Every structure is written in structure tokens, then in C-alpha cells.
K.L.:
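Okay, handing you the structure first.
Basis for what follows: all heavy atoms, side chains included, without hydrogens, waters or symmetry-related copies. Model, not experiment: these values are computed from the prediction.
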Amino acid sequence: MADPKGFLTTPRQDWPRRPVEERVRDWDEVYVPGALLPIIGGQADRCMDCGIPFCHEACPLGNLIPEWNDLVSREDWRAAADRLHATNNFPEFTGRLCPAPCEAGCVLAINQPAVTIKNVECAIADRAWEEGFAPPRPPDRLSGRTVAVIGSGPTGLAAAQQLTRAGHTVVVYERDDRLGGLMRYGIPAFKLEKHRLERRLEQMRAEGTRFRTSTAVGRDIGADELRARYDAVVVATGATAWRELPVPGRELTGVHQAMEYLPLSNRVGEGDLETSPLSAAGKHVVIVGGGDTGADCLGTAVREGAASVTQLDIYALPEAERDEDTEPWPTYPVRVYRLSAAHEEARDLRTAPVADADARLFAASTLRFDGDARGHVRSLHLVEVDERRRPVDGTGRTLPADLVLLALGFSGPDRQDGLVGGLGLALEPRGTIARDAGFATGVPGVFAAGDAARGQSLIVWAIAEGRAVAAAVDRHLTGRSTLPAPIGPYDRPMAV
């Protein structure tokens, strides 16, 4: 604890964002370059080095937060990087993409703004790359055992890196043409510039992990062939089965899933396309769904030059502070009003004049879509709902809509691509892959981890799952393991 009074004398100061008018004209990350380091030491000083640090419990990775806060405050960046990487394979990803349940569990947050844990994490990770504190760590010797990892999202990559460093020969199979899963084609570049992903992939290649892109297991390579070729298989395909909206007019042209829309804009950034076939330029856009994916669609549509963008959230407008009765500290408060970078942009640019706040209409339920004579969507009809999602009489309204994006979440792995059936995997009633307490499926040598088995979750849980399943596979292959297993398959976030 470098400054025992830091939390009393230093106010919270977040990494400043670039001006809205500037950042919506490009796809660079939204934060002011270089503006974090001058403030981060003082912010780390706010950490109280609690006797019982609930930030540990709130973080499924078990990040050693008070330790690296203290090291940052003393400007010992190498030691801070070592402590951070001891529990997290990809802190530059979580430092940008995680909603920071650790901050919700910060003891200081009981009666003050929490420590900027996420910003400190990001600063350490970036400094580690700049100073060469994140070199490849190839194993000293190989075990002679082989593992196939299906999926190159955060779970698959974390599992692959841990198993490679343990000495196993690991091959990652990715059905897309590039690696990264959702981080590559689902997350916009203004939240995560892709060179950060490429940097980690190069580190993994140098350590010995092998990659096979444009290879769908169950289609391009048979499941039986894969099992015969490898000593173990890890299924980490993510939850890619999107939820539908069964209302009249869903079949109209111009109504698309968010994960049909976002990958195309990312492919423009990769240079594959000059413009997206689903570009929002000049269109009235309505996003159905109030979560992070919807916010990603919002920021993307704004940058593409939409005529208007409105986001519908079926929940009521949340309060500014947590409800201590329903979501008490140290649990993560879901129903708190948060202003993401995309929502800040939409608010300042007034993309949705009818919105309740920023670009969002709250307590709004879609009734139907109407189209023109050519079968293209032109309007969306909605109604206000009460806390039990019952329509409120007299609250119907119509929004112009040339492009509708459905961001309603995901229910589990895709059951149509041949992987689940080819491997003979059992599914839970909610559509996720069934597994036991050791991450093993009912198929010998086949393990499942991440959103494919847990269900839609956060990137920090995905990485934790990858590390934990790696320990389970290592134990399966060698009879024992020294790899860390931060969570079990049945662990869940802290709740009342």
C-alpha cells in the first residue's frame, strides 16, 4: 500500500475518451492515446490493500489486484506485469472489453467511486508490450501428447496457450478465415484494435501453438478423424446460436441479426470489403436489444453515417446507483444506468430524438415490422411494457426503420454445423453442451469450455474457463497438473 491515504486524497479519474466529433470519424479506439499513464499511478494509490479484497472474489480469474496496484503506484512495471500475467493470459483484452465486476466488488465502492482497476490493468498490459515484459514462453520440453482446440475466441486461445506452455502439442481449429472468434469479427475496432489480437497470436505461434483457419470441424474435417488424430479435444466454439424475434414482418429484407451486421463492418476494416453490404449509411436504424452487442451495433452505425439510430431495451430505465436491496455490494449491479462510448456518441449527436436517454428507448417491446411493396422493412411498431413485460395501453408508437438489427443474445453453440452431432455431444435443456465437474463431456477425451458450455457470458469468464479446462486436460493426459484452475464449470458470479 504505497499511499495509506490515497483513497481519501485522490478522486477517481478515468481514462479520458477522445472528443465525440473526432472519434466517430474513424475506427480507432475511443480513448485519448497516452492519457492513461500520467494519471494511473495516483489511481493505483487509491487501492486500500484491503484485508479481505472482494475484488478477488468478483473476478473469476482471481486477479491479484491489490498487489499490482501497489506495484504500479511504485512504478515497478515489470513486477506488475508478472503478477498480472500470472492469472490472466490476455489482460489487454479484458482491460478494454470486460465490464469490470472487480470494480463492483471493490471495498472502496461501498461509499465512494471504486478504484479504476480496469484502467490499471490496461496500463500494465500495454506497458508490458512496450517494454518487452511479455515475451513468448515456449515449454522446456514436449510431452508427446497432442490436443485439438476447436474455436479461437478467448476461451480457446487461453486453453491453447496454457496447454502449449505445459508442453503439449496444440492445434487450434477456426472455421473463419482469421483467428480471434468474436474478438475478430464481433467486437468493433473502436473497442479493440485488431493489432492487439495479432500481437498475442504471434506470441502464441512463437511458443509453438499451431493454427488452422477456414477449417470447420464436422464439415472440413470429420469429428471422428479429429478424435483419432489427437489425444484430447477441447470444444470452445462459443455461443453462436442467436436468439430470434418471432414477430410479424421478421422475413422482410433489411431485418438482420447483429452478428450478420458486425462481421461485415469488421471485414471492411480488415480490407476484405470496400463497403459493407449492410452499411447503415443514410438509413434509419433500429437496434432491438439493450446489451453490449446492441451498443456495438450502435457505435458502428454511427460511424457508418446512419440517418438515425435508436436502440430498444425491454427493461425500464435503470437508476443511476445500485439498488442495495436487490443488487447489494459486492455483487455486480446489472440494472444501473451506464453510458458506454457508443451511447455517449449517440447522445451528443442526437441520433435518436425520440429516445428516453442517449439513443435508447426503455421498456420497449417490438410488435411487428412493416415493409414497402418490394418487401423491404420501412417501419417498426412498438409498445411500452410494465415490469412484467405486459403491454401498456395507449403507448404504441412507430419508428422509421430501413435497417433493423436484432441483438437479443445467444442460446448456445450452433447445432446445425455438424460439430455437436459429429462428436456425439449431449446438450443441456437450455442448449449448451453438457459436461461434468471436470469439464469433460460424455465422449472420452472430449472437453467443453466457454460460452458453448457455460452459456453467454463475459470475456473474463471465457478466459477463466480456458485456463480451467487446460488444467483438466493436462490432468487427463498426464495424471496430474500444476496449471491453475481458477473456476469450476458450475461456478457463477456472486449473487444475493
K.L.:
Side chains of Ser276 and Ser265: do they bring a donor and an acceptor to under 3.5 Å?
P.N.:
no

K.L.:
Should Thr237 and Asp414 count as side-chain neighbours, where that means a heavy-atom distance under 4.5 Å?
P.N.:
no

K.L.:
To the nearest 0.5 Å, how far apart are OG1 in Thr432 and CG in Asp451?
P.N.:
10.5 Å

K.L.:
I need the Leu192 CG to Leu97 CG distance, nearest 0.5 Å.
P.N.:
5.0 Å

K.L.:
Test of understanding: with side chain to side chain donor-acceptor pair (under 3.5 Å), list the residues that count as partners of Glu202, not counting sequence neighbours.
P.N.:
Arg205

K.L.:
Within the side chain of Trp15, is there an N or O that forms a donor-acceptor pair under 3.5 Å with the backbone of Tyr31?
P.N.:
no

K.L.:
Evaluate the criterion salt bridge (charged side-chain N to carboxylate O under 4.0 Å, His left out) for residue pair Arg184 and Glu270; output intermediate values, then yes/no.
P.N.:
CA-CA 10 Å; Arg184 171 72 68 181; Glu270 295 282 2; 2.9 Å; yes

K.L.:
Please check if atom CZ in Arg350 has more than 12 non-hydrogen atoms from other residues, nucleotides or ligands closer than 6.0 Å.
P.N.:
no

K.L.:
With a 3.5 Å distance limit and no angle check, can you tell me whether Asp176 reaches the backbone of Arg178 through a side-chain donor-acceptor pair?
P.N.:
no

K.L.:
Using side-chain heavy atoms (C-beta onward) and a distance below 4.5 Å, is Val469 in contact with Gln162?
P.N.:
no

K.L.:
Measuring from Cys106:SG to Asn69:CG, what's the distance to the nearest 0.5 Å?
P.N.:
8.5 Å

K.L.:
A quick test of your reading: do over 12 heavy atoms of other residues, nucleotides or ligands sit less than 6.0 Å from CD of Glu319?
P.N.:
no

K.L.:
Among residues two or more places apart or on two chains, list those pairs meeting ring-ring contact (aromatic ring centres under 6.0 Å, His included) that have a residue in residues 40-60.
P.N.:
Phe54-Trp329

K.L.:
So, the side chain of Arg322 versus the backbone of Thr331: is there a donor-acceptor pair under 3.5 Å, distance only?
P.N.:
yes

K.L.:
Using 4.0 Å as the upper bound for N to carboxylate O, is an ion pair formed by Arg338 and Asp358?
P.N.:
no

K.L.:
To the nearest 0.5 Å, tell me how far Gln203 CD sits from Thr209 OG1.
P.N.:
9.5 Å

K.L.:
More than 12 non-hydrogen atoms from neighbouring residues, nucleotides or ligands closer than 6.0 Å to CG on Leu8, yes or no?
P.N.:
yes

K.L.:
Please identify each residue that fulfils side chain to side chain donor-acceptor pair (under 3.5 Å) with Glu67, with sequence neighbours left out.
P.N.:
Arg83

K.L.:
Determine whether Asp14 and Lys118 satisfy the following criterion, salt bridge (charged side-chain N to carboxylate O under 4.0 Å, His left out), listing intermediate values before the conclusion.
P.N.:
CA-CA 10 Å; Asp14 289 285; Lys118 180 176 171 178; over 6 Å; no

K.L.:
Between Glu29 and Lys191, does any NZ, NE, NH1 or NH2 come within less than 4.0 Å of an OD or OE carboxylate oxygen?
P.N.:
no

K.L.:
Please report the closest heavy-atom contact between Ala114 and Ala109, naming both atoms and the distance.
P.N.:
CB-CB, 3.9 Å

K.L.:
Measure across Arg335 and Tyr315 and return the closest heavy-atom pair with its distance rounded to 0.1 Å.
P.N.:
NH2-CB, 2.9 Å

K.L.:
What's the shortest heavy-atom distance between Ile187 and Lys194, and which atoms?
P.N.:
O-NZ, 2.5 Å

K.L.:
Quick one about Asn63 and Thr87 (side-chain donor to acceptor, distance below 3.5 Å, no hydrogens or angles considered), yes or no?
P.N.:
yes

K.L.:
Please check if atom CZ in Arg243 has more than 12 non-hydrogen atoms from other residues, nucleotides or ligands closer than 6.0 Å.
P.N.:
yes

K.L.:
Is the backbone of Glu207 close enough, under 3.5 Å, to the side chain of Thr164 for a donor and an acceptor to pair up by distance?
P.N.:
no

K.L.:
Kindly indicate whether the side chain of Thr10, heavy atoms from C-beta on, has any atom under 4.5 Å from the side chain of Lys5.
P.N.:
no

K.L.:
Would you call Asp82 and Arg78 a salt bridge, using N to O less than 4.0 angstrom?
P.N.:
no

K.L.:
Suppose we screen for ring pair (Phe, Tyr, Trp, His ring centres under 6.0 Å). Which residues come up paired with Trp242, at least two apart in sequence or across chains?
P.N.:
none

K.L.:
If we only count heavy atoms from C-beta on, is the Asp28 to Glu193 side-chain gap below 4.5 Å?
P.N.:
yes

K.L.:
Considering all heavy atoms of both residues, which atom of Gln13 and which atom of Thr116 are nearest to each other, and what is their separation?
P.N.:
O-CG2, 3.8 Å

K.L.:
Does a donor on one side chain sit under 3.5 Å from an acceptor on the other, for Gln161 and Asn89?
P.N.:
yes

K.L.:
For Asp292, is the CG atom crowded, meaning more than 12 foreign heavy atoms sit under 6.0 Å from it?
P.N.:
no

K.L.:
Is Arg200 positioned over the aromatic face of Phe93, cation under 6.0 angstrom from the ring centre and no more than 45 degrees off axis?
P.N.:
no

K.L.:
Closest heavy-atom contact between Asp231 and Gly144?
P.N.:
OD2-O, 4.2 Å

K.L.:
Is there a side-chain contact between Pro53 and Ile65, using heavy atoms and a 4.5 Å cut-off?
P.N.:
no

K.L.:
If we ignore hydrogens and angles and just use 3.5 Å, is the side chain of Thr441 paired with the main-chain N or O of Val446 as donor and acceptor?
P.N.:
yes

K.L.:
Looking at Glu103 and Arg12, is there a salt bridge between them, counting it only when a charged N and a carboxylate O are closer than 4.0 Å?
P.N.:
yes

K.L.:
Count the heavy atoms of every other residue, nucleotide or ligand shown that sit under 6.0 Å from CD of Glu321, and state whether that count exceeds 12.
P.N.:
no

K.L.:
Rounded to the nearest 0.5 Å, what separates atom CG in Leu179 from atom CG in Leu197?
P.N.:
7.5 Å

K.L.:
Side chains of Asn119 and Leu36: does their closest heavy-atom pair fall under 4.5 Å?
P.N.:
yes

K.L.:
Can you name the nearest heavy-atom pair linking Tyr261 to Ala280, along with the distance?
P.N.:
OH-CB, 3.9 Å

K.L.:
Within a 6.0 Å radius of atom CZ on Arg430, are there more than 12 heavy atoms belonging to other residues, nucleotides or ligands?
P.N.:
yes

K.L.:
Just how far is it from atom CG of Leu61 to atom CD of Glu465, taken to the nearest 0.5 Å?
P.N.:
11.0 Å

K.L.:
Taking only residues at least two apart or on different chains, which pairs with a member in residues 454-494 satisfy ring-ring contact (aromatic ring centres under 6.0 Å, His included)?
P.N.:
Phe447-His476

K.L.:
Does Arg23 reach the main-chain N or O of Arg18 with its side chain, forming a donor-acceptor pair under 3.5 Å?
P.N.:
yes

K.L.:
Checking side-chain polar atoms at under 3.5 Å, does Asp177 have a donor or acceptor matched by the opposite partner on Tyr185?
P.N.:
yes

K.L.:
Scan the side chains in residues 121-130 for donor-acceptor partners under 3.5 Å anywhere in the protein, sequence neighbours excluded, and list what turns up.
P.N.:
from: Glu121; atom 1: OE2; to: Asn88; atom 2: ND2; distance (Å): 3.1
from: Glu121; atom 1: OE2; to: Thr94; atom 2: OG1; distance (Å): 2.8
from: Asp126; atom 1: OD1; to: Arg96; atom 2: NH1; distance (Å): 3.3
from: Asp126; atom 1: OD1; to: Arg96; atom 2: NH2; distance (Å): 3.4
from: Asp126; atom 1: OD2; to: Arg96; atom 2: NH2; distance (Å): 2.8
from: Arg127; atom 1: NE; to: Glu131; atom 2: OE2; distance (Å): 3.3
from: Trp129; atom 1: NE1; to: Glu92; atom 2: OE2; distance (Å): 3.3

K.L.:
With a 3.5 Å distance limit and no angle check, can you tell me whether Asp323 reaches the backbone of Glu327 through a side-chain donor-acceptor pair?
P.N.:
no

K.L.:
Mark yes or no for whether Thr215, through its side chain, and Thr213, through its backbone, hold a donor-acceptor pair below 3.5 Å.
P.N.:
yes

K.L.:
Would the number of heavy atoms belonging to other residues, nucleotides or ligands and lying under 6.0 Å from CD of Glu75 be above 12?
P.N.:
no

K.L.:
Donor-acceptor check, side chain of Arg25 to backbone of Glu21, threshold 3.5 angstrom: yes or no?
P.N.:
yes

K.L.:
Side chains of Leu312 and Arg360: does their closest heavy-atom pair fall under 4.5 Å?
P.N.:
no

K.L.:
Is there a side-chain contact between Arg435 and Glu428, using heavy atoms and a 4.5 Å cut-off?
P.N.:
no

K.L.:
Whether the side chain of Glu174 engages the backbone of Gly151 through a donor-acceptor N/O pair (distance < 3.5 Å, no angle test) should be reported.
P.N.:
no

